[in-house]
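Working notes, structure below.
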Amino acid sequence: MSDIVLNGKLIAFEGIDTSGKTTQARRLVTRLRESGYSVVSTVEPGGTVIGEAARAIVLSKPGEHSALLPFSELLLFMISRAQNTYEVIRPALQAGMTVVVSRYRMSSEAYQGYGRGIDLEFIQSLNEHATDGLRPDVTFLIDISAETAVQRKTTEHDRIEIEAVDFHRRVRQGFLELVAADPHAVVIDGDRTPDEIAKDVARHLQL
Ligand code: TYD
């Protein structure tokens, strides 16, 4: 095992849609297990029964829940986060496991703050309550341009993915600003092969 001890640590992956963060989160889980760690992996929104119910609304097909207000969308992400933190993440960390989460607090700040224009301090305050103050020990931002994201898009779109390229540009810019202000977060260039990116992530964790 490496010098950095990852037992009881929370590692988060962030990035705009199609950045490849889910692939990288999966690859890191495999790598950690090979290194002897007990790992729990989870996603947001989702991860719990209540979180999945919130996910079904916020990531519904365009037009299905067109009445959903940005404020209500924000709260649904917070419901998912509160449940996931309380039911899955905290217990695993307390048991000394390493937790890998695909999206956490920073996603709400980037998407609902920079993307939808909701007050950032308000979101940060909700995040603090939803997580009971829990912050990732390491956050990896898998960074790609909004233009690359649009090119990578497949045919299946949910109500957030169909937002215009300007929205995704604001979200990406938000992520970069949030990472710059967070000493526990690093930017990983996502415009490379999955192998190269995975190596970069592992190097940061001294795996
Ligand atoms: P994503 O994590 O990419 O999951 P999948 O790969 O299964 O589609 O999708 C989640 C979407 O929800 C993505 O568009 C970002 C958005 N999102 C927010 O807007 N705010 C949040 O707080 C979270 C967690 C996600």
Side-chain angles (χ1 to χ4, degrees), residues 10-29 41-48 50-62 64-65 68-89 99-120 122-131 134-136 139-144 146 148-150 152-175 178-179 182 185 190 194:
L10 176 60
I11 302 166
F13 282 86
E14 298 280 7
I16 59 174
D17 298 283
T18 74
S19 60
K21 70 188 160 33
T22 308
T23 306
Q24 291 304 322
R26 249 187 241 126
R27 291 182 67 139
L28 178 63
V29 168
S41 119
T42 183
V43 297
E44 290 198 7
T48 65
I50 295 167
E52 287 299 333
R55 184 182 176 96
I57 299 174
V58 282
L59 300 188
S60 54
K61 289 200 184 70
E64 200 177 322
H65 288 295
L68 189 69
L69 299 169
F71 176 72
S72 309
E73 176 186 275
L74 171 66
L75 293 188
L76 285 166
F77 284 117
M78 289 298 163
I79 288 170
S80 175
R81 183 157 307 130
Q83 293 299 139
N84 203 18
T85 303
Y86 183 79
E87 292 185 46
V88 179
I89 300 175
V99 178
V100 176
V101 62
S102 190
R103 298 195 183 282
Y104 203 50
R105 302 166 57 134
M106 209 181 265
S107 273
S108 297
E109 294 167 21
Y111 280 85
Q112 280 66 52
Y114 288 82
R116 298 273 193 238
I118 299 176
D119 182 68
L120 204 54
F122 175 60
I123 299 174
Q124 283 162 344
S125 165
L126 285 177
N127 262 337
E128 202 59 18
H129 286 279
T131 62
L134 183 68
R135 286 164 188 267
T139 296
F140 292 110
L141 170 64
I142 310 295
D143 181 53
I144 58 168
T148 305
V150 168
R152 285 186 187 178
K153 287 251 161 80
T154 51
T155 47
E156 284 285 305
H157 295 312
D158 59 51
R159 37 182 300 289
I160 293 178
E161 281 171 340
I162 53 129
E163 286 293 336
V165 68
D166 253 14
F167 174 87
H168 296 284
R169 239 183 241 134
R170 285 200 301 278
V171 174
R172 186 227 185 169
Q173 186 54 33
F175 271 128
L178 292 162
V179 168
D182 182 342

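Just so it is clear, the values below take in all heavy atoms, side chains as well, and ignore hydrogens, waters and symmetry mates. On a predicted model such as this, the values are computed, not experimentally measured, just so you know. Start at 1 and go down the list; that is how both ligands and their atoms are numbered.
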Whether H168 and Y111 hold their rings parallel, tilted or perpendicular, with breakpoints at 30° and 60°: perpendicular
Using 0.5 Å steps for rounding, measure from the CG atom of L74 to the CD1 atom of I118. 4.5 Å
The protein residues that pass the under-4.0 Å heavy-atom test against ligand 1 are D17, K21, E44, P45, R55, L59, F77, R81, R103, S107, S108, Y111, Q112, I160
Would you please name every residue forming a side-chain hydrogen bond (donor to acceptor under 3.5 Å, both in side chains) with R169, sequence neighbours left out? E147, D166
Could you check whether R135 pairs with E128 (Lys NZ or Arg NE/NH1/NH2 to Asp/Glu carboxylate O, under 4.0 Å)? yes
Working note: S108 + R81, criterion side chain to side chain contact (heavy atoms under 4.5 Å, CB included); need CA distance, chi angles, decisive distance, verdict. CA-CA 10 Å; S108 297; R81 183 157 307 130; 2.8 Å; yes
Would you sort out whether Q124 and E109 count as a side chain to side chain contact (heavy atoms under 4.5 Å, CB included), showing the intermediate values? CA-CA 7 Å; Q124 283 162 344; E109 294 167 21; 3.4 Å; yes
